[in-house]
Colleague: 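Handing you a structure now.
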Amino acid sequence: MALFNEVVDKYFEKLDMFTAAITRAHGKNHPEAFEVRELFSEIKEKIQIAGSTKPNLDAELTQLREVTNNYTIPDDVCGTYAAVYNMLSETDQAYQA
């Protein structure tokens, strides 16, 4: 749980900005960016509601893995898009740990 909280503290402010940015920059060619943004928002909300207890994010993370093809970064995207996938992957791993 400690590791998961550290990852959340470290990445979620950035992820909030970046997931919005990739929908604008890549949404036309990568409609999955909108799903990634939506799932991130759901995860963030569940974490806020849970407070100090660990939220159940299994459904959202499973969906995120499917939508992102296990966080496989598309060839034609910017560094911000890649960073989103890397941070989400690390969040997922910390959650599973």
Side-chain angles (χ1 to χ4, degrees):
M1 181 68 183
L3 179 63
F4 178 68
N5 287 341
E6 287 170 30
V7 171
V8 168
D9 289 344
K10 185 175 170 185
Y11 292 143
F12 270 47
E13 197 173 316
K14 212 179 274 183
L15 273 167
D16 204 20
M17 287 187 300
F18 285 10
T19 55
I22 66 169
T23 62
R24 290 191 298 274
H26 297 284
K28 189 175 163 201
N29 295 329
H30 291 281
E32 73 277 4
F34 294 101
E35 283 184 78
V36 169
R37 171 70 182 166
E38 182 61 36
L39 286 164
F40 170 72
S41 297
E42 289 172 25
I43 289 168
K44 192 176 95 172
E45 190 178 326
K46 276 190 161 183
I47 289 169
Q48 288 169 338
I49 291 168
S52 61
T53 59
K54 187 176 181 180
N56 182 344
L57 304 174
D58 292 332
E60 291 80 5
L61 290 170
T62 298
Q63 214 174 334
L64 208 46
R65 285 191 292 274
E66 286 173 17
V67 168
T68 63
N69 191 21
N70 286 316
Y71 309 105
T72 303
I73 299 161
D75 294 335
D76 61 339
V77 296
C78 65
T80 301
Y81 203 109
V84 166
Y85 276 27
N86 289 330
M87 287 186 281
L88 288 172
S89 176
E90 213 174 306
T91 301
D92 193 345
Q93 288 169 11
Y95 180 79
Q96 306 301 334

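These numbers come from a predicted model, not from an experiment.
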Colleague: To the nearest 0.5 Å, what is the distance between OG1 on Thr68 and CG on Asp92?
Modeller: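 Spacing of OG1 (Thr68) from CG (Asp92) equals 8.5 Å.
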Colleague: For Glu13, look at atom CD and say whether over 12 heavy atoms of other residues, nucleotides or ligands are found less than 6.0 Å away.
Modeller: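 Atom CD in Glu13 is not packed in, count stays at 12 or less.
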Colleague: For Arg37 versus Asp16, what's the shortest heavy-atom pair and its separation?
Modeller: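 Of all heavy-atom pairs spanning Arg37 and Asp16, the closest is NH1-O, 2.7 Å.
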Colleague: So how far is it from Asp58 CG to Gln96 CD, rounded to the nearest 0.5 Å?
Modeller: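 The distance works out to 6.5 Å.
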Colleague: A side-chain contact here means heavy atoms from C-beta on lying under 4.5 Å apart; do Ile73 and Asn86 qualify?
Modeller: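 Yes, at least one pair of side-chain atoms sits under 4.5 Å.
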Colleague: Do other residues, nucleotides or ligands put more than 12 heavy atoms under 6.0 Å from Lys46 NZ?
Modeller: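 Yes.
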Colleague: Does some side-chain heavy atom of Leu3 sit less than 4.5 Å from a side-chain heavy atom of Tyr95?
Modeller: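 Not touching, per the 4.5 Å side-chain cut-off.
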Colleague: For Phe12, which residues count as a ring-ring contact (aromatic ring centres under 6.0 Å, His included) partner, sequence neighbours excluded?
Modeller: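 Checked Phe12 against ring-ring contact (aromatic ring centres under 6.0 Å, His included); matches are Phe40.
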Colleague: Working to the nearest 0.5 Å, report the span between OG1 of Thr23 and CD of Glu38.
Modeller: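 It is 11.0 Å, given to the nearest 0.5 Å.
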Colleague: Let me see the working for Leu39 and Val67 under side chain to side chain contact (heavy atoms under 4.5 Å, CB included), right down to the final yes or no.
Modeller: CA-CA 10 Å; Leu39 286 164; Val67 168; 4.2 Å; yes
Colleague: Which atom pair, heavy atoms only, marks the closest approach of Tyr85 to Thr72?
Modeller: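 In terms of heavy atoms, the two residues are closest at CE2-O, 3.2 Å.
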Colleague: Report the residues that fulfil ring-ring contact (aromatic ring centres under 6.0 Å, His included) with Phe18, sequence neighbours left out, ordered by chain and then residue number.
Modeller: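 Testing Phe18 for ring-ring contact (aromatic ring centres under 6.0 Å, His included), a comparison that skips the adjacent residues, returns none.
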Colleague: My understanding is that only residues two or more places apart in sequence, or in another chain, count here; which of them pass ring-ring contact (aromatic ring centres under 6.0 Å, His included) with Tyr11?
Modeller: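 By the ring-ring contact (aromatic ring centres under 6.0 Å, His included) rule, Tyr11 matches no residue at all.
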